[in-house]
Number of protein chains: 2
Amino acid sequence: MAFSKIEKFTKKDIWLADIAKALSHPARIKILKILAGMNACMCGDIVELLPLSQSTVSQHLKELKRVGLITGEIEGPKVCYCINNANLQKAKSEINKLFNQVFEC
Amino acid sequence: MAFSKIEKFTKKDIWLADIAKALSHPARIKILKILAGMNACMCGDIVELLPLSQSTVSQHLKELKRVGLITGEIEGPKVCYCINNANLQKAKSEINKLFNQVFEC
DNA sequence: TATATCTATCGTATATTTACGATTAACGAT
DNA sequence: ATCGTTAATCGTAAATATACGATAGATATA
């Protein structure tokens with residue numbers, strides 16, 4: 001790769017691509033669904049619901065947190081993960097906007 | 001990585017992740033917007049609109065074609081790329097479904 | 001205070017992605 | 001038939017992602 005060319009694109013496109021990247025692994029899709037199904041937030045029993053090790057799940061959670069789709073609050077010895085509804089809403093609407101923009105061809 | 005665990009997830013989640021992966025680079029987001037702006041399909045002058053080499057753009061086009069978001073028809077010595085509206089529509093609605101599913105928490 | 005539990009991080013191995021230049025293949029025009 | 005144009009593919013290098021076990025840090029409980 002020598003050097004990444006990512007900085008040559010618009011902030012918006014970089015942001016959209018970054019959200020898409022966070023959604024680009026089935027484990028992370030599943031984590032979002034699990035967190036939704038719990039309706040209150042929940043801690044890392046997520047690990048038991050995924051066919052992956054604790055450390056790998058932790059990495060996937062970190063990636064979702066990085067783009068702001070979830071939050072993780074320390075609660076005693078556990079960590080309580082939640083969907084970040086505001087950011088999810090923003091992601092949804094921006095992705096929709098992209099699709100609509102691409103449709104009008 | 002030793003072995004990928006992707007086959008341990010549902011077909012639907014794998015498919016969603018795959019679409020997201022195709023959208024996970026700003027060059028591919030921009031390519032979709034370019035193709036939309038042309039409203040008829042167009043050939044690889046896309047290259048001139050991107051800060052990337054011809055071979056790199058070709059790889060990005062291949063990735064978008066792989067997941068079916070665009071089509072590429074040979075037209076003489078050129079290749080004419082188009083948005084695949086049906087597949088784009090499907091992607092849009094499934095991603096929306098995912099977001100709505102995750103919201104109801 | 002010692003112990004058990006939970007989760008992030010470190011170190012590491014392997015796979016995949018990104019990017020480029022060079023080459024090849026396919027075609028139209030001369 | 002040759003030449004120029006277009007775009008895919010090959011070979012390669014470097015960056016990033018995926019996955020795990022081991023370890024470390026934080027905390028609740030005994």
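The basis for the numbers below is simple: all heavy atoms, side chains too, and nothing from hydrogens, waters or symmetry mates. Naming convention: chains lettered A, B, ... in sequence-line order (proteins, then strands); numbering from 1 in each chain.
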[X] vs [N]: side-chain N/O to OP1/OP2 distance below 4.0 Å:
| X | N | answer |
| --- | --- | --- |
| A:Thr56 | D:dC20 | yes |
| A:His25 | D:dA19 | yes |
| B:Tyr81 | D:dA8 | yes |
| B:Ser58 | D:dA8 | yes |

- Task: Decide, yes or no, whether a salt bridge links B:Glu63 with B:Arg66 under the criterion of side-chain N to carboxylate O below 4.0 Å.
- Result: yes
If you check every side-chain atom of [X], which of [options] has the closest atom?
| X | options | value |
| --- | --- | --- |
| A:Lys78 | C:dA8, D:dT5, C:dC6 | C:dC6 |
| B:Ser55 | D:dT9, C:dT7, D:dA8 | D:dT9 |
| B:Pro77 | D:dT5, D:dC20, C:dA19 | D:dT5 |
| B:Lys5 | C:dA19, D:dT9, D:dA19 | D:dA19 |

- Message: Over all strands shown, is A:Leu61 touching base, sugar-phosphate only, or nothing at heavy-atom distances under 4.0 angstrom?
- Response: nothing
- Task: Classify the nucleic acid contact of A:Lys21 as base, sugar-phosphate or nothing, counting any heavy atom under 4.0 Å across all strands shown.
- Result: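 The answer is sugar-phosphate, as A:Lys21 gets under 4.0 Å only of primed atoms, P, OP1 or OP2.
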- Query: Does the pair B:Ile95 and A:Phe99 meet the rule for a side chain to side chain contact (heavy atoms under 4.5 Å, CB included), with working shown?
  - Reply: CA-CA 10 Å; B:Ile95 290 174; A:Phe99 277 120; 3.9 Å; yes
- Walk me through it: do A:His60 and A:Leu52 pass the test side chain to side chain contact (heavy atoms under 4.5 Å, CB included)? CA-CA 10 Å; A:His60 284 305; A:Leu52 298 170; 3.8 Å; yes
Using whole Å, report how far [atom1] of [X] lies from [atom2] of [N].
| X | N | atom1 | atom2 | value |
| --- | --- | --- | --- | --- |
| A:Glu7 | C:dA19 | CD | C1' | 13 Å |
| B:Glu73 | C:dC27 | CD | C1' | 17 Å |
| A:Ile6 | D:dA15 | CD1 | C1' | 10 Å |
| B:Gln59 | C:dA22 | CD | C1' | 14 Å |
| B:Leu64 | D:dA7 | CG | C1' | 16 Å |
| A:Glu63 | C:dT9 | CD | P | 14 Å |
| B:Arg66 | C:dT18 | CZ | P | 10 Å |
| B:Gln54 | C:dA19 | CD | P | 15 Å |

- With side chain to side chain contact (heavy atoms under 4.5 Å, CB included) as the test, would you mind laying out the steps for A:Leu23 and A:Leu32 before giving the verdict? CA-CA 9 Å; A:Leu23 299 174; A:Leu32 290 178; 3.6 Å; yes
- For DNA chain D, whose closest nucleotide is more 5', that of A:Ile74 or that of B:Lys62?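 First, find each residue's nearest nucleotide; the 5'-ward one identifies B:Lys62.
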- Identify, between A:His60 and B:Val57, the residue whose nearest nucleotide on DNA chain D lies closer to the 5' end. B:Val57
- Message: Whether the B:Lys92 and A:Asn100 side chains hold a donor-acceptor pair (N or O, under 3.5 Å, no angle test) is what I'd like checked.
- Response: yes
- Item | Given DNA chain C, 5'-ward residue of the pair B:Gly76 and B:Ser24, judged by closest heavy atom |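 Looking at DNA chain C, the more 5' nearest nucleotide goes with B:Ser24.
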- Hey, could you give me the CG/CG distance between B:Leu98 and B:Asp13, rounded to the nearest 0.5 Å? 8.0 Å
